[in-house]
Amino acid sequence: MNLQTPVTPVASEIYDMHTMMLIICLVIFIAVFGVMFWSVFHHRKSKGAVAAHFHENTTVEIVWTIVPVLILLGMAYPATKTIIAMKDTSNADLTIKATGYQWKWGYDYIKGEGEGIRLISNLSTPQDQIQGKADKDEHYLLEVDQPLVVPVGKKIRILTTANDVIHAWWVPAFGVKQDAIPGYIRDTWFRADKEGVYRGNCAELCGKDHGFMPIEVHVVSAAKYTAWVNERQAAAATSAANDTKTWALPDLVAKGKDVFNANCAACHQPDGKGLPPAFPPLDGAAIVLAPPADQITTVLNGREGTPMAAWGKVLSDADLAAVITYTRNAWSNKTGEAIQPAQIAAARH
Amino acid sequence: MSAVTPDQVHDDHHHHGPTGLMRWITTTNHKDIGTMYLIFSFIMFLSGGVMALTIRAELFKPGLQIVQPEFFNQLTTMHGLVMVFGAIMPAFVGFANWMLPLMIGASDMAFARMNNWSFWLLPVAAVLLIGSFFVPGGATAAGWTLYAPLSVQMGMGMDMAIFAIHIMGISSIMGAINIIVTILNMRAPGMKMMKMPLFCWTWLITAYLLIAVMPVLAGAVTMILTDRHFGTSFFNAAGGGDPVLYQHVFWFFGHPEVYIMILPAFGIVSQIIPTFARKPLFGYASMVYATASIAILSFVVWAHHMFTTGMPAQTQLFFMYATMLIAVPTGVKVFNWVATMWRGSLTFETPMLFAVGFLFVFTIGGFTGLICAIAPIDIQLQDTYYVVAHFHYVLVAGSLFALFAGAYYWLPKWTGHMYSEKLGKLHFWCSIVFFNVTFFPMHFLGLAGMPRRIPDYSLQFADFNALASIGAFGFGLSQLIFLAAVIKCARGGEKAAAKPWEGAEGLEWTVPSPAPHHTFETPPVVE
């Protein structure tokens with residue numbers, strides 16, 4: 001196994017640099033330990049070796065200080081060029097913001113074709129596979145429900161930030177790994193030369209489900225990309241309509257269950273029992289059974305000092321209304337209340 | 001020139017101090033304290049090892065089988081904290097306590113009472129640290145680096161870890177002050193600085209590193225504590241703080257810390273290789289200068305742990321060049337050790353096996369370190385199993401193998417008996433084989449893209465993980481051979497001479513084996 005097959009110029013440079021370093025290190029390694037093992041085999045007391053008495057030699061000591069310095073200079077030169085190339089995020093064709101959440105990625109298309117598209121990317125591997133109750137698929141733990149889609153051959157600038165703790169956006173085949181830091185915007189870029197599906201992970205320990213927040217990028221042709229953009233924009237219009245209409249209780253509960261399983265079940269568990277004390281239960285919880293104002297505020301703004309995230313920035317009004325309604329009607333919580341998107345919109349202000 | 005007269009040995013029998021348990025609790029004798037440090041660190045080594053084996057058992061195949069993700073994160077975090085602060089560092093302090101006074105011809109450490117205190121703080125810290133597994137919410141799961149803001153989210157286990165780190169830090173600083181004062185003031189007449197055994201030099205430099213950086217760590221974790229409980233926002237962006245600030249402060253401690261854990265190992269190896277090569281250490285002076293250069297450079301390379309945080313290109317370049325530079329003095333040390341062996345008259349008792357094993361395997365860790373120093377490559381490798389492989393090559397094959405080498409080397413002096421060469425060699429060969437089976441495959445896992453600190457992984461990593469887990473169990477069980485060898489040696493066996501190794505030099509070999517309770521009450525004179 002070696003570094004993944006590079007699909008960007010920067011990743012290729014890294015690949016070649018690593019190969020070069022490995023060869024240089026191997027040569028030095030063989031030379032130094034050749035000498036050592038020669039001693040081990042030939043200068044043994046049992047073979048009658050008599051110890052020499054030398055214990056210093058200024059010339060060789062200077063030589064083996066200077067020579068490594070020269071080798072290092074040879075290594076530093078290509079590395080410097082690559083660093084400068086990696087840092088040049090100017091003149092991008094497309095700018096996308098990647099936001100790390102515990103534990104999913106949110107993408108906002110900020111500039112270029114597809115501007116305004118928003119998607120949330122959750123792990124799509126079923127729990128049954130993780131718990132060993134079903135056979136594992138080929139892309140086990142490296143698959144998401146909504147992948148990032150970008151056009152081939154274009155310079156894509158990725159802005160990273162985070163909502164709660166530090167995450168890192170990493171796609172090995174692109175040679176890109178950039179921390180996503182709450183309160184800060186960092187950037188990086190890639191230009192994929194080949195269409196295909198490329199997979200990565202969050203690379204910074206970010207809590208319980210750090211191992212379960214993959215990144216899936218689909219690099220597609222310009223035409224396919226345009227088609228995808230049109231499709232997404234139509235979907236966004238439907239979602240906007242959802243936010244303004246009044247829903248029936250069964251519809252809210254049905255939609256809420258999907259939202260819950262995608263976003264909340266990792267901590268609060270599908271049965272609503274949670275993983276106390278870090279992740280409290282919702283089944284029978286006071287906050288869920290009391291009048292809805294507190295629960296809406298908590299879900300919108302999160303809870304400081306705990307892993308409870310501010311979902312107001314992630315989910316639409318309809319999704320929030322649905323998931324809150326679901327929690328108030330699932331398990332033993334039979335309140336019979338329907339929370340409408342309008343209530344969420346009101347609470348946002 | 002023996003410093004211990006029969007009078008003194010006789011005197012020992014009439015030593016009226018506390019007996020039984022109180023003797024150990026109240027002791028101010030550097031040998032007793034050294035022994036307690038070594039036993040403590042071995043217990044912690046086994047505890048940290050059990051955590052590591054639980055981790056490897058979970059990672060044996062894809063899917064969640066044994067532990068849940070939250071507990072997995074607690075295990076990785078505590079494995080790191082326990083091994084660094086509980087096992088490796090106290091073990092080196094144990095060696096310092098036992099051997100420094102013997103090597104420089106001093107009767108004890110400079111501050112004997114403080115020495116007792118700096119040891120007894122450690123069990124308190126260990127109880128806090130291990131005890132945090134049993135509080136609501138469990139132990140801290142933020143990684144041994146305790147990065148904010150994740151560490152701000154943790155439960156009370158985090159506060160216990162912070163408190164434990166404070167106590168261990170105080171213990172380390174007290175120990176370091178003691179070592180510096182002992183070395184600078186209590187050397188035997190005629191022992192000039194440039195005549196000191198290299199182990200003394202490396203510990204002297206390490207002690208300065210400790211004093212410089214332990215307060216920095218204490219500051220960093222205190223800032224987390226106030227962010228958690230007292231409404232400050234050092235690391236909370238919403239309150240005007242900077243999450244990356246924590247990383248800068250932490251690694252300003254953390255990078256010198258890795259040299260704190262390796263420089264004394266360099267010292268031990270520099271004592272052992274000349275002994276079994278029957279030839280003086282090659283380039284003594286350049287060894288001292290190399291150690292000092294490494295220590296100084298260690299302060300200007302911390303941000304190489306942070307190449308992915310998005311620092312400007314110029315900053316990345318500075319930290320990359322500075323980091324690469326460390327390869328030069330480290331290379332000098334390796335070349336000097338090899339030159340010491342060259343044209344020697346070598347024998348391979350267990351200490352020498354471990355020392356040569358150290359040299360060979362540590363150098364692999366050095367090369368992967370150089371590869372990680374190259375910022376563009378590091379950006380691919382950061383937070384992957386490549387890094388896990390790299391730092392276990394330097395910390396296990398580096399620090400730990402040197403500790404084993406030193407333990408076998410000085411066991412005859414400590415116990416008065418020769419250890420079983422058969423068990424020692426078995427321990428070495430099992431350790432080195434299983435060590436490589438465990439950690440070598442991790443290089444490939446990291447290159448192929450397996451992140452570290454994950455409880456589950458995708459299918460293409462399955463085979464190498466299974467291999468690493470098998471190696472880990474082998475490596476863990478091999479350490480029981482060491483326990484057996486030490487117990488057997490302490491209980492009896494062939495009597496050791498004052499100088500059991502033909503090629504050994506130094507004052508510690510002028511006193512009888514076992515070293516009597518009091519040595520060098522009259523300082524020896526070094527010619």
Side-chain angles (χ1 to χ4, degrees), chain A residues 1-4 14 17-18 21 25 32-33 35-36 39 43-45 49-52 55-56 61 64-65 68-69 72 76 79-80 82-84 86-87 130-132 136 140-142 165-166 168 172 175 177-179 181-183 186 201 203-211 277-278 306-307, chain B residues 62-65 69-70 136-137 143 147 149-150 152-153 155 237-238 243-244 278-280 282-283 286 308-310 313 316-317 320-321 324 327-328 331-332 334-335 338 341-347 360 367 371 374-377 379-380 382-383 444 447-449 451 453-456 458-459:
Chain A
M1 288 206 265
N2 198 347
L3 289 165
Q4 293 184 11
I14 292 174
M17 213 183 314
H18 176 256
M21 295 276 304
C25 290
V32 172
F33 289 103
V35 173
M36 189 184 88
S39 294
H43 301 154
R44 301 175 84 106
K45 198 186 178 204
V50 179
H55 56 85
E56 57 185 9
E61 290 182 58
W64 69 39
T65 311
V69 171
L72 290 179
T80 305
T82 306
I83 288 179
I84 291 167
M86 288 171 109
K87 284 285 170 189
I130 296 172
Q131 301 295 345
K136 294 172 175 51
Y140 177 70
L141 294 189
L142 290 178
V165 301
I166 301 173
K177 184 186 288 155
Q178 179 58 55
D179 286 3
I181 303 163
R186 298 287 196 240
N201 303 75
E204 183 68 64
L205 179 64
C206 58
K208 182 172 86 71
D209 282 353
H210 165 55
T306 73
Chain B
L64 296 177
Q65 293 92 27
E70 183 69 11
Y147 274 8
L150 182 60
V152 178
Q153 282 184 355
V244 184
R278 295 169 178 75
K279 210 167 137 268
F282 186 88
S286 61
T308 63
T309 55
Q316 267 191 9
L317 289 174
M320 178 176 85
Y321 298 149
M324 293 172 79
V328 176
V332 167
V334 172
F335 298 142
V338 171
M341 289 169 69
W342 181 249
R343 292 184 55 208
S345 171
L346 301 169
T347 54
F360 188 73
F367 280 129
I371 288 173
I374 307 292
I377 304 180
I379 285 170
Q380 283 285 40
Q382 158 118 40
D383 275 317
F444 300 109
L447 285 172
R453 294 164 162 166
I454 54 172
D456 195 6
S458 51
L459 300 179

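In the text below, chain A, chain B and the rest are named by the order of the sequence lines, each starting its count at 1.
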If I measure from the heavy atoms of chain A, does [X] come under 4.5 Å with its side chain, its backbone, both, or neither?
| X | answer |
| --- | --- |
| B:A238 | neither |
| B:Q65 | neither |
| B:I379 | both |
| B:M324 | both |
| B:P376 | both |
| B:F360 | both |

Correct closest heavy-atom pair for B:S458 and A:L141 would be N-CD1, 4.4 Å
Contact winner vs chain B - [options], heavy-atom pairs under 4.5 Å:
| options | answer |
| --- | --- |
| A:V69, A:T65, A:T80, A:I84 | A:T80 |
| A:M36, A:M17, A:H55, A:Q131 | A:H55 |
| A:A168, A:P68, A:A76 | A:A76 |

Atom group of [X] that falls short of 4.5 Å from chain B, counting heavy atoms:
| X | value |
| --- | --- |
| A:I181 | side chain |
| A:K208 | both |
| A:M86 | side chain |
| A:E61 | side chain |
| A:N201 | side chain |

If you define the side chain from C-beta out and look only at heavy atoms, does anything of [X] sit under 4.5 Å from [Y]?
| X | Y | result |
| --- | --- | --- |
| B:S345 | A:V50 | no |
| B:D383 | A:E204 | yes |
| A:V165 | B:Y147 | no |
| B:L346 | A:S39 | yes |
| A:C206 | B:L150 | no |

Among [options], who wins on heavy-atom pairs under 4.5 Å with chain A?
| options | result |
| --- | --- |
| B:I454, B:L317, B:V244, B:V334 | B:L317 |
| B:G331, B:A237, B:G310 | B:G310 |
| B:A327, B:P280, B:A375, B:G155 | B:P280 |

Classify the angle between the aromatic ring planes of B:W342 and A:H43 as parallel (below 30°), tilted (30 to 60°) or perpendicular (above 60°).
perpendicular
If you apply the rule side chain to side chain contact (heavy atoms under 4.5 Å, CB included), what do you find for B:I371 with A:H18, and how did you get there?
CA-CA 7 Å; B:I371 288 173; A:H18 176 256; 3.8 Å; yes
Whether the side chain of A:Q4 engages the backbone of B:A448 through a donor-acceptor N/O pair (distance < 3.5 Å, no angle test) should be reported.
yes
For the backbone of B:Q380 and the side chain of A:K177, can you confirm whether one donor and one acceptor N or O come within less than 3.5 Å of each other?
yes
Say you draw a straight line from [atom1] of [X] to [atom2] of [Y]; how long is it, rounded to the nearest 0.5 Å?
| X | Y | atom1 | atom2 | answer |
| --- | --- | --- | --- | --- |
| A:K45 | B:R278 | NZ | CZ | 4.5 Å |
| B:I377 | A:T82 | CD1 | OG1 | 8.5 Å |
| A:L72 | B:I374 | CG | CD1 | 8.0 Å |

Check the pair A:D179, B:T308 against side-chain hydrogen bond (donor to acceptor under 3.5 Å, both in side chains), reporting the backbone distance first and the verdict last.
CA-CA 6 Å; A:D179 286 3; B:T308 63; 2.9 Å; yes
